[in-house]
Amino acid sequence: MNTKRISKFLSLVLRHKPEALPIELDKQGWADLDEIIEKMQRKGMEVDESIIQSVVANNDKQRFRLDLPNRRIRANQGHSINIDLALDPSVPPAVLFHGTATRFIDSIMEKGLIRGSRQHVHLSLDIVTATKVGSRHGKPTILAVDAQTMHQQGYKFFVSENGVWLTEHVPVDFLSRADRQ
Ligand code: HQG
């Protein structure tokens, strides 16, 4: 089983569908490492601890966190299931970016950025990353988020362990098109 498939399966189980294994996640989204390995093996997947370690270490977006002293693993962000990452609010940079597809713009300019099935709206530090995120959905376009004003007005921001900025909702007032004058 190649590492990409293992990573995709871990994303599925740790972010969206633990019942696919099945495995229990705790309130902060942690799964027991030995149990997840054993159950993946039982499904015929060729994994062991060192393979999981290398998948986590080499993952392009650092999607997972392995806590070896406590023998547990979780996804750093991107959940659709209801878990509490227990992140402390952080002061965001003045501007953050959101990459989306052009076909979503009308709706976004009406409702703001909504989290949809995920637990948060995901924001990027730079336009290059945001463009990659947007390209997953179609022709990419970039929105700038006035994070500084939002923060001053009491909106909470969180940064996941892999550097993705998270917030609950971005109202239209704080959005502008970053790729247009
Ligand atoms: C859009 C990936 C219509 C939103 C990435 C996005 C990220 C609206 C889509 C992470 C809307 C949701 C998350 C509105 C937002 N009307 N559409 N009012 N508000 N949208 O995949 O941000 O590879 O749930 O713009 O790198 O694309 O999975 O969110 O296009 O970090 O690790 O609704 O997923 O990481 O799509 O991506 P998603 P996202 P991973």
Side-chain angles (χ1 to χ4, degrees), residues 2-18 20 25 28-29 55-66 73-151 153 155-181:
N2 67 33
T3 54
K4 180 136 192 207
R5 283 190 56 208
I6 296 171
S7 164
K8 289 232 166 214
F9 186 78
L10 287 175
S11 282
L12 174 78
V13 167
L14 296 174
R15 286 172 161 180
H16 308 296
K17 216 176 160 190
L25 307 187
Q28 279 90 45
V55 168
V56 171
N58 300 320
N59 187 262
D60 56 349
K61 291 188 185 170
Q62 294 294 299
R63 290 181 180 88
F64 312 107
R65 167 88 198 282
L66 198 52
I73 184 170
R74 78 172 179 180
N76 280 323
Q77 37 71 230
H79 300 81
S80 58
I81 47 176
N82 185 22
I83 57 113
D84 174 12
L85 283 171
L87 299 171
D88 293 324
S90 296
V91 179
V95 179
L96 284 164
F97 299 95
H98 180 82
T100 189
T102 49
R103 65 196 161 96
F104 296 145
I105 283 293
D106 289 350
S107 167
I108 291 173
M109 286 312 185
E110 206 175 295
K111 299 183 197 141
L113 287 174
I114 53 176
R115 62 201 178 116
S117 61
R118 300 205 195 236
Q119 285 208 298
H120 298 96
V121 170
H122 289 223
L123 303 170
S124 310
L125 266 180
D126 59 84
I127 290 181
V128 173
T129 308
T131 305
K132 285 186 199 152
V133 175
S135 303
R136 291 160 47 255
H137 300 287
K139 186 167 183 272
T141 187
I142 309 300
L143 295 162
V145 174
D146 182 356
Q148 185 165 42
T149 306
M150 284 182 72
H151 171 67
Q153 294 189 12
Y155 289 85
K156 287 202 171 71
F157 287 82
F158 306 89
V159 58
S160 67
E161 291 205 33
N162 58 341
V164 177
W165 282 84
L166 307 168
T167 196
E168 218 162 88
H169 174 228
V170 181
V172 188
D173 297 355
F174 305 106
L175 290 172
S176 56
R177 302 288 293 269
D179 42 9
R180 286 204 186 157
Q181 293 305 317

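For the single chain, residues carry numbers from 1 onward in sequence order.
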Approximate separation, where rounding is to 0.5 Å, of [X] [atom1] and [Y] [atom2]:
X: Asp146; Y: Gln153; atom1: CG; atom2: CD; value: 8.5 Å
X: Ile81; Y: Leu25; atom1: CD1; atom2: CG; value: 4.5 Å
X: Leu14; Y: Phe9; atom1: CG; atom2: CZ; value: 9.0 Å
X: Ser7; Y: Lys61; atom1: OG; atom2: NZ; value: 10.0 Å
X: Lys4; Y: Asn58; atom1: NZ; atom2: CG; value: 14.0 Å
X: Arg115; Y: Ser80; atom1: CZ; atom2: OG; value: 11.0 Å

Is a side-chain donor or acceptor of [X] paired with a backbone partner of [Y] at a separation under 3.5 angstrom?
X: Arg118; Y: His79; result: no
X: His169; Y: Lys111; result: yes
X: Gln62; Y: Ala57; result: yes
X: His151; Y: Lys156; result: no

Which heavy atom of [X] sits nearest a heavy atom of [Y], and at what distance?
X: Ala147; Y: Pro93; result: CB-O, 3.3 Å
X: Thr102; Y: Pro140; result: CG2-O, 4.4 Å
X: Ala101; Y: Thr141; result: C-CG2, 3.9 Å
X: Met150; Y: Phe174; result: CG-CG, 3.3 Å
X: Ile127; Y: Thr131; result: O-OG1, 2.7 Å
X: Leu87; Y: Ser160; result: CD1-CA, 4.0 Å

Within-4.5 Å side-chain heavy-atom neighbours: [X] and [Y]:
X: Ile6; Y: Asn2; answer: no
X: Ile83; Y: Gln28; answer: no
X: Pro92; Y: Trp165; answer: yes
X: Thr3; Y: Arg5; answer: no
X: Val55; Y: Leu10; answer: yes
X: Phe64; Y: Arg74; answer: no
X: Leu166; Y: Val121; answer: no
X: Val170; Y: Leu175; answer: yes

Give a yes or no on whether Glu168 atom CD has more than 12 heavy-atom contacts from other residues, nucleotides or ligands under 6.0 Å away.
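No, because the 6.0 Å sphere around CD of Glu168 holds 12 heavy atoms or fewer from other groups.
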Apply side-chain contact (heavy atoms from CB on, under 4.5 Å) to residues Leu123 and Thr167 and explain how you reach the verdict.
CA-CA 8 Å; Leu123 303 170; Thr167 196; 3.9 Å; yes
Once the angle between the rings of His120 and Phe158 is folded into 0 to 90°, is it parallel (under 30°), tilted (30 to 60°) or perpendicular (over 60°)?
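Ring orientation, 0 to 90° scale: tilted.
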Decide yes or no on side-chain contact (heavy atoms from CB on, under 4.5 Å) for Phe97 and Leu143, but give the supporting numbers first.
CA-CA 6 Å; Phe97 299 95; Leu143 295 162; over 6 Å; no
Residue pair Asp60, Arg63: steps toward the salt bridge (charged side-chain N to carboxylate O under 4.0 Å, His left out) verdict:
CA-CA 8 Å; Asp60 56 349; Arg63 290 181 180 88; 2.7 Å; yes
Show your working on side-chain contact (heavy atoms from CB on, under 4.5 Å) between Arg177 and Met109 and close with a plain yes or no.
CA-CA 10 Å; Arg177 302 288 293 269; Met109 286 312 185; 3.9 Å; yes
side-chain contact (heavy atoms from CB on, under 4.5 Å) between Gln119 and Gln77: does it pass, once the steps are laid out?
CA-CA 9 Å; Gln119 285 208 298; Gln77 37 71 230; over 6 Å; no
